[in-house]
Protein chains: 4
Amino acid sequence: MRAGARVCQSRSETWGSRVPENTEKAESEPKADTRPRRRQARGERRIAQLLEAAASVFCSSGYTAASTNAIAREAGVSPGTLYQFFPNKEAIAIELGDRLMHEMRETYGEALGPVDPATPLEEAVEAAVDRFIDFNCRHPVFFALMHGPDIPGRMAEAHEALHTTLLERIQTRLASVLPDVPAADLARITEVCLGLYMAGLELVLTHEGAEREAYVRELKNVLVRYLAPLAAPPA
Amino acid sequence: MRAGARVCQSRSETWGSRVPENTEKAESEPKADTRPRRRQARGERRIAQLLEAAASVFCSSGYTAASTNAIAREAGVSPGTLYQFFPNKEAIAIELGDRLMHEMRETYGEALGPVDPATPLEEAVEAAVDRFIDFNCRHPVFFALMHGPDIPGRMAEAHEALHTTLLERIQTRLASVLPDVPAADLARITEVCLGLYMAGLELVLTHEGAEREAYVRELKNVLVRYLAPLAAPPA
Amino acid sequence: MRAGARVCQSRSETWGSRVPENTEKAESEPKADTRPRRRQARGERRIAQLLEAAASVFCSSGYTAASTNAIAREAGVSPGTLYQFFPNKEAIAIELGDRLMHEMRETYGEALGPVDPATPLEEAVEAAVDRFIDFNCRHPVFFALMHGPDIPGRMAEAHEALHTTLLERIQTRLASVLPDVPAADLARITEVCLGLYMAGLELVLTHEGAEREAYVRELKNVLVRYLAPLAAPPA
Amino acid sequence: MRAGARVCQSRSETWGSRVPENTEKAESEPKADTRPRRRQARGERRIAQLLEAAASVFCSSGYTAASTNAIAREAGVSPGTLYQFFPNKEAIAIELGDRLMHEMRETYGEALGPVDPATPLEEAVEAAVDRFIDFNCRHPVFFALMHGPDIPGRMAEAHEALHTTLLERIQTRLASVLPDVPAADLARITEVCLGLYMAGLELVLTHEGAEREAYVRELKNVLVRYLAPLAAPPA
DNA sequence: GATGAATGAGGATTCATTCAT
DNA sequence: TATGAATGAATCCTCATTCAT
């Protein structure tokens, strides 16, 4: 139940009649198998299957061009089945994004790097970029979903959700590194950092080997140099 | 031989066997313009019309989602007419990109800012960003065309053309500002700068008034801080 | 995997990743037929409907000029439905041809006439032509499909398939009637016979009543006279 | 003038305002150059150009699939120009057919072979087939035009015209070879012969070298054997 | 839950033909 | 005459989505 329901509840109201309360408990997934949720297990698998397929299709065709039929085909199920779990393409993307953020949090913890506020900026950026890149290499669909909107300002819901979540996390992290920056500026700086991250990511992903390393280096340079003056004590 | 002709001749060889004699003379543009042009005035206007319509549609739907039918409709012509001038959507985007770059060059000259090599970095960046932003506000379709590929590495031809042209121009400009950077690095730095530009542009375009100004400021900061260490004499 | 499935599986690999486990068993048709069939009854009917419609359209417009939309319309379904079963016009023609050959075999047996090698040539030809004509009158679409290519040598796949199958059958038949003809010649003679058949068929189909009978007579004459010298014992 | 006008007058009434009277004199073409018909010469050339282009396009795409735009393009003129000389595709085919028959007559005389009624059948067929094949190799468009109708009985006008003319010529020829056959039968036999010719022609055109020769041989065999019993004196 | 059939509007593109210049 | 622009219906095919089973 949970996952299937979660999918629909998280963003769309179409599937309202689902137990929304046990979401917290659902988080402790590892033991979920024990409860008498036989048929749900199947649904869970289906959803995973579909999301995997969607990730694959989004990566190979881009989000806009991806078709629900293609996703169903890739997942080896019928279109009808797909729509049993997701009301539309957008919902798939949203759930995919949710899970990505979930995994990011699971893997790297709340922050994208060492939480010790004493960590020097350079080190913090280094860690964050490395993790970010690493994460993207393992989940290339992240790029497809994050990929800026075709039209400035008009983001798909899925994109927006991811974007917002990421901003929050980055802002939290930045707040600890740039304690002296006023809130209004911090939000803007956060947006800028995310933009730089994404721009750098694209360059990194389109290169390989030594070149890729070099671009990772540049991305770190960009961020460090941009943030250093903001972090540095006026001393 | 102006643009109208350029469209058809530069991309399609369909009418290759036409007016074979004056081809040589046609190369010396001044005269060639007169003869087989007369009727093209109408076509010329249509092409402009179509490109304008395309710009509008690309802006409001994004390149991927834009349809040739929509463009024709927006231009107030039948689908067939569109195809008399452009073999497909891509060709429209390419021509649009060509004209944009043409205008950029016309308006701002070869470089995006003061050519004097003695210009301090800060000032050069300031000028370049201001022009770039200004240009984009007057031609919002530029963003739609430049907007990174849906799939990393898989760019549309049109995008690629624009991208390449811009890189060249930026690299030229950077070369004069960063004379000591080795060529291999310069190319990478150029890519990075373009990425930063585009990332900043998106943020600028999605904000207005004071916020927009603030983002412009940040973009300049990013670039200046990134480039400063590369430009600074080791002294 | 009845016909419906046959259509999709035999030509398109689109649904390849489906039911992977019972593939082995599916080969032993008896059981495979039962399970995933239920809902396909509808599809089965649709396919028959579509093929019937296609036959009708091919007959009235010719294969080349027939449009998939026209076929769908004739079948009373939407274009999308047609494409659920056939990837394109060609596939429809191919399936139609397959079924025609299937029926021909079912109805007249492997040979187009008496198999007894002692049957005199005249009698064999008589039987073969009668059956061939009869078959074509009951399935006029056969002509539309068999109708030679618009461009010599450039046959549509569907045509080619039919053609090849027919050649095989005729050659087998001829081999028993002309035991002394070398293989290389036999192939050529087979091609010629099929050509004569088709030429005669066209004439037969464009006439009626007594005239038609007369043309049937002529076709038999042509074949008998052509083949007689090849069959006659040198004695 | 002549040709241009002829084109339109012969089948369509659309272009009525042309001097139809000089058609007879126009037949004596060789001297036509002398009259003060300057501008007509241009039209003549255009027509030849267009017909040549049409022949080429018909051959490479087949009559049905050929488009007037493609013909105009191949001829290096605009679509409008094509329609200045021919009211539609059909008219082009008809004129092309007319000229083919004209040339056939010019080249081989009224009959397709020796006119001497004493010529033995075998020799007459031999000559006729050789000429027919030869003609078709030099004018491959003939096949495209003659190529049986997509739908039995529903011939295009152009096809029909060619067909009829050919039948007449063949019947004339046959009449001299088969003097004892009643008229009703002769018409049918003529149709059959043309059918055999065409069937053989297709086989010949789709093979090359020795194989082609072998098929020519077979075609002759078919015709000779078919006709021999009709020609032979019962003695 | 699962299936696959069904939809029909919309996508890109072509074509025979007409018209203004 | 000749051009090339214009048309709009028709082509094939796809897609997100719904529905009966």
Side-chain angles (χ1 to χ4, degrees), chain A residues 4 39-40 42-43 46 65-73 77-90, chain B residues 4 8 15 18-19 36-47 65-72 76-90, chain C residues 4-5 8 15 18-19 35-47 65-72 76-90, chain D residues 4 39-40 42-43 46 65-72 76-90:
Chain A
R39 68 190 55 181
Q40 262 54 38
R42 215 164 71 224
R46 271 287 124 87
S67 87
T68 56
N69 282 359
I71 294 171
R73 204 182 313 130
V77 305
S78 68
T81 298
L82 183 152
Y83 278 90
Q84 208 119 31
F85 294 98
F86 301 97
N88 51 43
K89 192 164 75 164
E90 183 80 41
Chain B
C8 300
W15 290 84
R18 188 59 52 65
V19 256
R37 235 35 83 182
R38 213 121 11 118
R39 349 340 217 35
Q40 238 125 353
R42 208 153 89 245
E44 202 74 41
R45 253 180 283 125
R46 269 290 123 87
I47 288 174
S67 86
T68 56
N69 281 1
I71 294 171
V77 302
S78 69
T81 297
L82 183 151
Y83 280 91
Q84 200 123 39
F85 298 100
F86 302 97
N88 51 44
K89 193 167 71 165
E90 184 80 41
Chain C
C8 301
W15 289 84
R18 188 58 54 62
V19 256
R35 210 56 48 80
R37 240 33 85 181
R38 217 124 8 124
R39 343 355 210 28
Q40 237 124 356
R42 207 153 90 246
E44 202 74 41
R45 254 179 282 124
R46 269 290 124 86
I47 288 175
S67 86
T68 56
N69 281 4
I71 294 171
V77 303
S78 68
T81 298
L82 183 152
Y83 281 92
Q84 200 124 38
F85 297 100
F86 302 98
N88 50 44
K89 193 166 71 162
E90 183 81 38
Chain D
R39 68 189 55 178
Q40 262 53 38
R42 214 163 73 225
R46 271 286 126 88
S67 87
T68 56
N69 282 359
I71 294 171
V77 304
S78 69
T81 298
L82 182 152
Y83 279 89
Q84 207 120 32
F85 294 98
F86 303 96
N88 52 42
K89 190 164 76 164
E90 183 81 40

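Fair warning: this is a prediction, and the values are worked out from it, not measured in the lab. Labels below follow one simple rule: chain letters A, B, ... track the order of the sequence lines, proteins then strands, and each chain is numbered from 1.
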Seminar exercise, completed: With sugar-phosphate taken as primed atoms, P, OP1 and OP2 and all else as base, the protein-contact string of nucleotides 10-15 of chain F at under 4.0 Å (heavy atoms; B, S, -) is -SBBBS

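Atoms CD (C:E44) and P (F:dA20) sit 22 Å apart, rounded to a whole Å. C:F86 places its CZ atom 14 Å from the C1' atom of E:dA5, with the value rounded to the nearest Å. Spacing between atom CD of D:E90 and atom P of E:dC15 amounts to 18 Å, rounded to whole angstrom units.
Residue B:S78 has a polar side-chain atom (N or O) positioned under 4.0 Å from OP1 or OP2 of F:dT7.
For the side-chain contact (heavy atoms from CB on, under 4.5 Å) test, residues two or more places apart in sequence or in another chain that qualify with C:T68 are C:L82, C:Y83, C:K89. The side chain to side chain donor-acceptor pair (under 3.5 Å) search around C:S78 returns C:T81, not counting sequence neighbours.
Comparing A:L82 and C:R46, the nucleotide of DNA chain E nearest to each residue sits closer to the 5' end for A:L82.
For D:Q84, counting side-chain heavy atoms from C-beta on, the closest listed nucleotide (E:dG4, E:dG8, F:dT1) is F:dT1.
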Exercise. What would the secondary structure line of DNA chain E be in dot-bracket form, counting Watson-Crick and G-U wobble pairs under 3.5 Å, with [ ] for pairs that cross earlier ones and | for pairs with another strand?
Worked result: .||||||||||||||||||||

